[in-house]
Amino acid sequence: MIIESLVPWRARPNFRLDATSAALSGVYGGGIFPFVAFVARDHLHASAAELGLMTAAPFVGNLLALPFTHIVSRGQPVRNVALMIAIARVMLVGASFATGSAVFAWTVFAVQCLASIPTPTYISIIRLIYPLEYLGRLLSYTRVLQAAGMILSTFSAGWMIDRWGWRPVFLAFAPVGLAALALYSRIRIPADQPVTRHNEMIEFTKGAFGLLRQDIPFRWFALAVSVYGFGNLMAVPVYTIYQVDVLHITASWVAILMNITQVVWMLSYVFWARYIDSVSPLKLVMINTAVAAIMPLNYLVAFEVWMLVPFAVVGGIVNAGIELSYFNSVMHFSTPENSAQYQAMHSLLLGVRGIIGPFAGAAMARSLIDSGGDIRWVFAVSGILILAGAVLQRLGMRHPVKRSGGWRSEREPERRQEDTTESD
């Protein structure tokens, strides 16, 4: 693998597993999840509330992550993460047999909720297996491979759904997701890394909540992320309603827009990764948050499906930048010993906004439809809240953050020398 020559020698075995697993997960996810909301609305006639339920699902998992992280992080955290996500992916097979929108929506809800619970542990594992100064780049490499897998499978899945229906397509991609987890479960945490053991849920939870009181920059970050996220997520279920009911989108166009997003996302990941390890991730959060306001505003002027191309392009830029900068921002605040608590608190806040936002947007859309109003008002409110989140992030940057330590140690110069010798 050409990329491997750019990976520190100590991280290479885990990187091979992580990267291959990410590529297969991309194939799995790209063949199913871009079409979930479309299938629910177009084929099963899901209501706005059911679309909101599916949108909120990962964030309910984020909410549950705080009390469950101490359990998932114990013993063998890599295998615990793989097992929990594997259970979710097996459950998704049940959605392929759903005949009503309610059963489909609740199954998808359960799947995405369960798969999101181990996210803080997964992120803390990433920190333990990769050197801190290489984190952004290595994460970008795996995400680029994941995006490549998604592009290939999304393109083929959209074509197949239009011709053969969605059920056989969902079933065909399910085994790929399990193969990805089988590889991921073989990752090993270096013996000298401090895997935190959380013996008491109450103690872990109290410590996580204490971060908001003790860490002022993190508190501002949390507030900005919550406001931005609420505005962004309230529009998500309404996007599907507008696409299906107003623009009459097809599965092929869903695939086209998603692939535009994924291609731009992949290129943007490479772009952002060049700066994430040297520029404050909080600044990148602010920039990407401000740019994200273009997405709901695009829907205000779109009256044909092709007019959503700017939405797809900006979505790729912002999704890459937000994911990478969020991850590095939380790492920026934390240490290896308390990173799981920071991640759990971050997930909790994502969960709160993710539960309220989609249902608030769905309720607003339902009210506008019933009263004969224009649902595009939801997009206007969304854009305003997203910009407010960017402003709050800028205000929070007035408080300096002390960059934490990490994998880097006094032995790092020696590792760098060995890396150079090996590459020569």
Side-chain angles (χ1 to χ4, degrees), residues 28-61 87-116 150 153-177 233-259 261 299 305 308 311 354-355 357-370 375 378:
Y28 159 79
I32 296 176
F33 288 104
F35 308 98
V36 165
F38 166 75
V39 166
R41 184 70 175 183
D42 190 65
H43 292 256
L44 301 176
H45 311 294
S47 66
E50 288 167 340
L51 293 173
L53 179 70
M54 291 190 295
T55 303
F59 303 101
V60 175
I87 293 172
R89 292 182 178 180
V90 170
M91 290 173 59
L92 186 61
V93 174
S96 301
F97 299 98
T99 57
S101 61
V103 174
F104 182 85
W106 278 105
T107 303
V108 172
F109 171 85
V111 167
Q112 298 201 79
C113 177
L114 184 61
S116 298
M150 292 188 72
S153 60
T154 300
F155 178 80
S156 59
W159 182 85
M160 290 187 291
I161 288 173
D162 278 341
R163 285 154 183 79
W164 302 321
W166 60 276
R167 299 180 196 276
V169 175
F170 280 24
L171 289 172
F173 282 102
V176 182
L233 291 167
M234 71 178 295
V236 171
V238 189
Y239 290 153
T240 302
I241 295 173
Y242 195 78
Q243 289 174 354
V244 173
D245 295 5
V246 179
L247 304 181
H248 307 294
I249 198 169
T250 64
S252 295
W253 260 108
V254 172
I256 290 170
L257 293 175
M258 178 57 67
N259 274 341
T261 297
Y299 272 78
V305 173
L308 296 180
F311 169 87
I355 292 172
F359 288 111
M364 184 177 177
R366 182 74 265 170
S367 176
L368 289 167
I369 292 172
D370 291 343
I375 63 171
V378 177

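Starting from 1, each residue takes its place in the sequence as its number.
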Determine whether [X] and [Y] make a side-chain contact, defined as any pair of heavy atoms from C-beta on separated by less than 4.5 Å.
{"X": "Leu171", "Y": "Val93", "result": "yes"}
{"X": "Pro358", "Y": "Val236", "result": "no"}
{"X": "Ile375", "Y": "Tyr242", "result": "yes"}
{"X": "Val36", "Y": "Phe104", "result": "yes"}
{"X": "Leu233", "Y": "Phe59", "result": "yes"}

Please find the pair of heavy atoms, one from [X] and one from [Y], that lie closest to each other, and give the distance.
{"X": "Met54", "Y": "Gln112", "result": "O-NE2, 3.7 Å"}
{"X": "Met160", "Y": "Val169", "result": "CB-CG2, 3.7 Å"}
{"X": "Val111", "Y": "Leu92", "result": "CG2-N, 3.5 Å"}
{"X": "Pro237", "Y": "Gly52", "result": "CB-N, 3.9 Å"}
{"X": "Ala235", "Y": "Val378", "result": "CA-CG1, 4.2 Å"}
{"X": "Gly31", "Y": "Ala157", "result": "O-CB, 3.7 Å"}

Identify, with sequence neighbours excluded, every residue that meets side chain to side chain contact (heavy atoms under 4.5 Å, CB included) alongside [X].
{"X": "Val254", "result": "Phe35, Phe38, Ile249"}
{"X": "Ile87", "result": "Leu83, Met91, Leu114"}
{"X": "Ala172", "result": "none"}

Results of ring-ring contact (aromatic ring centres under 6.0 Å, His included) for Phe173 - residues two or more places apart only: none
ring-ring contact (aromatic ring centres under 6.0 Å, His included) involving Trp106 - partner list, sequence neighbours excluded: Phe109
Nearest 0.5 Å please: distance from the [atom1] atom of [X] over to the [atom2] atom of [Y].
{"X": "Ile256", "Y": "Thr154", "atom1": "CD1", "atom2": "OG1", "value": "12.0 Å"}
{"X": "Phe155", "Y": "Met150", "atom1": "CZ", "atom2": "CE", "value": "15.5 Å"}
{"X": "Ile161", "Y": "Ile32", "atom1": "CD1", "atom2": "CD1", "value": "9.0 Å"}
{"X": "Phe170", "Y": "Phe33", "atom1": "CZ", "atom2": "CZ", "value": "8.5 Å"}
{"X": "Thr55", "Y": "Phe359", "atom1": "OG1", "atom2": "CZ", "value": "8.5 Å"}
{"X": "Tyr299", "Y": "Phe311", "atom1": "OH", "atom2": "CZ", "value": "4.5 Å"}

Residues in side-chain hydrogen bond (donor to acceptor under 3.5 Å, both in side chains) contact with Ser101, at least two apart in sequence or another chain: Glu50
Set of residues satisfying side-chain hydrogen bond (donor to acceptor under 3.5 Å, both in side chains) with respect to Tyr28, sequence neighbours excluded: none
Pairs touching [range] that satisfy salt bridge (Lys or Arg N to Asp or Glu O under 4.0 Å), sequence neighbours left out:
{"range": "residues 102-114", "value": "none"}
{"range": "residues 93-107", "value": "none"}
{"range": "residues 237-254", "value": "Arg41-Asp245"}

Sidechain-backbone polar pair: Ser116 side chain, Pro58 backbone, donor-acceptor under 3.5 Å: yes
side-chain hydrogen bond (donor to acceptor under 3.5 Å, both in side chains) contacts touching residues 361-370 (sequence neighbours left out): Arg366-Asp370
Pairs touching residues 162-176 that satisfy side-chain hydrogen bond (donor to acceptor under 3.5 Å, both in side chains), sequence neighbours left out: Asp162-Ser252
